[in-house]
Amino acid sequence: MSATRIMVVDDELIIRESLAGWLQRDGHDVVTAESGEAALEKLTTAHFDILLVDIKMEGMSGLDLLKIVNARGLDTAVVMITAYGSIATAIEAMKRGAVEYLLKPFDPEALGLLIDKIISRQEQEKETAYLRDEVEQRTRFESMIGQSRAMQTVFDLINDVAPTDSTVLITGETGTGKGLAAKAIHTCSRRCRGPFVAVNCGAIPEHLMESELFGHQKGAFTDARETKKGRLELADGGTLFLDEIGEISMRMQIDLLRVLEDRVFYRVGGTQPLEADFRVVAATNSDLKAAIAQGTFREDLFYRLNVISLVMPALRERKEDIPLLCDHFLRRFSQEINKPTQKISRPAMDEMMLYDWPGNIRELENAIERAVVVGKTVQVMPEDLPLACIPEHGHPSDHTLKSVERHHIRQVLVDNDWNISNSARILGIDRSTLYSKIKRYDLQGPS
């Protein structure tokens with residue numbers, strides 16, 4: 001177990017050195033600060049388990065520092081240092097979030113017991129958080145995360161179809177996790193020990209697609225210096241994932257349909273028929289029915305692929321999953337980049353909950369990575385997020401959806417004399433959501 005990190009904040013040198021010495025002898029990692037301002041500087045670059053803060057200091061007082069620590073949401077236990085005559089102030093500080101107070105003059109033994117008590121409490125909280133994480137694991141399916149009803153429906157369908165060999169067509173917007181769903185189907189299937197071979201149909205040029213899928217014989221064309229197996233052969237015994245299936249040419253659609261019907265194919269330049277046993281999972285962000293109507297996608301291939309239909313919901317349709325996803329990405333990037341980012345501030349989370357995420361999970365992942373990289377504190381703040389994530393607070397034209405919502409909310413508030421509870425009930429949202437929208441649209445009540 002790593003040493004407990006403690007910061008002693010006091011404007012008297014002798015007190016700082018005495019406390020630091022006793023705590024270091026007990027094996028703790030101790031840092032000192034001569035003022036509240038100095039302590040705040042250290043808190044922006046490092047995490048501390050415990051702060052020992054003198055209530056009365058020149059400049060920023062201990063209570064002021066406590067207020068800022070609470071406002072930042074730092075996961076730090078604050079102990080107030082006070083003289084006997086200021087016990088009432090210390091008790092007031094505990095009401096504001098301090099965990100304990102320490103009386104001058106100091107008793108080293110009492111100090112040690114107090115620190116041990118706080119450490120024990122923090123360990124219990126960590127254990128509770130661990131149990132909470134265990135519960136959270138139930139909201140994770142393979143590498144997908146979601147507690148929303150929409151995602152639970154996706155998880156249930158994957159569980160139902162995975163043990164079969166039925167072809168699955170996964171649809172959804174870009175960035176919704178179609179590839180993760182395909183991999184989950186493979187992992188939960190009888191073919192899980194076989195290969196998972198992915199083909200990005202939109203990334204392979206048309207003149208190379210035939211060779212990529214079917215392979216080629218040596219000498220079949222100018223650059224064919226050796227015989228090469230195609231993706232169909234490589235997928236034997238496993239799963240063939242055809243991503244962005246709507247991008248393949250009409251000629252390749254005919255060839256692919258023939259393979260899906262009889263599982264027999266020829267390498268380019270080859271005369272020997274080959275067979276492969278693979279399951280097909282396809283994905284697209286295109287409207288294939290519209291493509292059929294436009295004559296760019298074969299109807300018979302569509303029905304061959306669309307045996308089981310799996311629709312991945314957009315992130316704006318499952319916003320209750322955003323905190324879970326944010327926490328997952330925050331932990332991952334904090335470890336990868338080795339920065340002590342601990343949590344997402346409430347203002348930043350409010351902004352992310354209000355944003356519609358047109359790029360879906362991929363855009364959210366990129367936003368959190370950027371926030372961890374550029375963030376200056378142990379919390380993700382709104383200004384750390386990409387500009388596209390932060391809603392504009394200006395006055396859009398009267399015909400925009402944002403403008404309509406702003407005016408409607410304001411009118412309901414005015415009609416109800418700015419009674420938040422009544423207004424939220426009429427709008428069909430909870431009070432916290434209404435408060436977020438009032439803040440987002442900069443709505444001003446009666447003064």
| request: Could you tell me which residues satisfy side chain to side chain donor-acceptor pair (under 3.5 Å) with His216, sequence neighbours excluded, listed by chain and number? | output: Ser211
| Lys/Arg N to Asp/Glu carboxylate O, Glu317 vs Arg149, below 4.0 Å | no
| remark: Contacts satisfying ring-ring contact (aromatic ring centres under 6.0 Å, His included) that involve residues 227-279 (not counting sequence neighbours) are Phe196-Phe241
| field | Euclidean distance, Glu233 CD relative to Leu213 CG, rounded to 0.5 Å | value | 11.5 Å
| field | Whether over 12 other heavy atoms sit under 6.0 Å from His47 NE2 | value | yes
| query | Considering all heavy atoms of both residues, which atom of Leu169 and which atom of Ala283 are nearest to each other, and what is their separation? | reply | CD1-N, 4.3 Å
| said: With a 4.0 Å cut-off on N to O distance, would you call Arg258 and Asp262 a salt bridge? | reply: no
| note | Output for pair (Leu274 CG, Arg263 CZ), nearest 0.5 Å, gives 14.5 Å
| Could you give the distance from CG (Leu325) to CD1 (Ile368), rounded to the nearest 0.5 Å? | 9.5 Å
| query | Is a donor on one side and an acceptor on the other found under 3.5 Å between the side chain of Trp418 and the backbone of Ser423? | reply | no
| query | If you measure from the Lys or Arg side-chain nitrogens to the Asp or Glu carboxylate oxygens, is any gap between Glu206 and Arg251 under 4.0 Å? | reply | no
| query | Should we count CZ of Arg332 as having more than 12 external heavy atoms under 6.0 Å? | reply | yes
| said: Between Asn306 and Phe302 (side chain of the first, backbone of the second, donor and acceptor by atom type, cut-off under 3.5 Å), is there such a pair? | reply: no
| query | When rounded to the nearest 0.5 angstrom, what distance separates CD in Gln253 from OG1 in Thr296? | reply | 7.5 Å
| request: Please check if atom NZ in Lys228 has more than 12 non-hydrogen atoms from other residues, nucleotides or ligands closer than 6.0 Å. | output: yes
| message | Can you see whether Asn360 engages Thr176 through a side-chain donor-acceptor pair at a distance of less than 3.5 angstrom? | response | no
| request: Kindly say whether Lys218 contributes a backbone atom to a donor-acceptor pair with the side chain of Thr227 at under 3.5 angstrom? | output: yes
| Got a donor-acceptor contact below 3.5 angstrom from the Lys178 side chain to the Gly172 backbone? | yes
| field | Step-by-step salt bridge (charged side-chain N to carboxylate O under 4.0 Å, His left out) determination, Asp350 to Arg346 | value | CA-CA 6 Å; Asp350 285 344; Arg346 180 59 182 270; 3.1 Å; yes
| said: Keeping Thr164 on the side-chain end and Val161 on the backbone end, is there a donor-acceptor pair under 3.5 Å? | reply: yes
| said: Quick check on Glu336: does its CD atom have over 12 non-hydrogen neighbours (other residues, nucleotides or ligands) under 6.0 Å away? | reply: yes
| query | For residues Thr4 and Asp49, is any side-chain donor paired with an opposing acceptor at under 3.5 Å? | reply | no
| Between Gln411 and Asp415: side-chain donor-acceptor atoms closer than 3.5 Å | yes
| Is a side-chain N or O of Gln147 found less than 3.5 angstrom from the main chain of Glu320, in a donor-acceptor match? | yes
| task | Would you name the heavy atoms of Arg279 and Asp165 that are closest together and state the gap between them? | result | CG-O, 3.8 Å
| query | Hey, is Asp356 close enough to Lys319 for a salt bridge, meaning N to O under 4.0 Å? | reply | yes
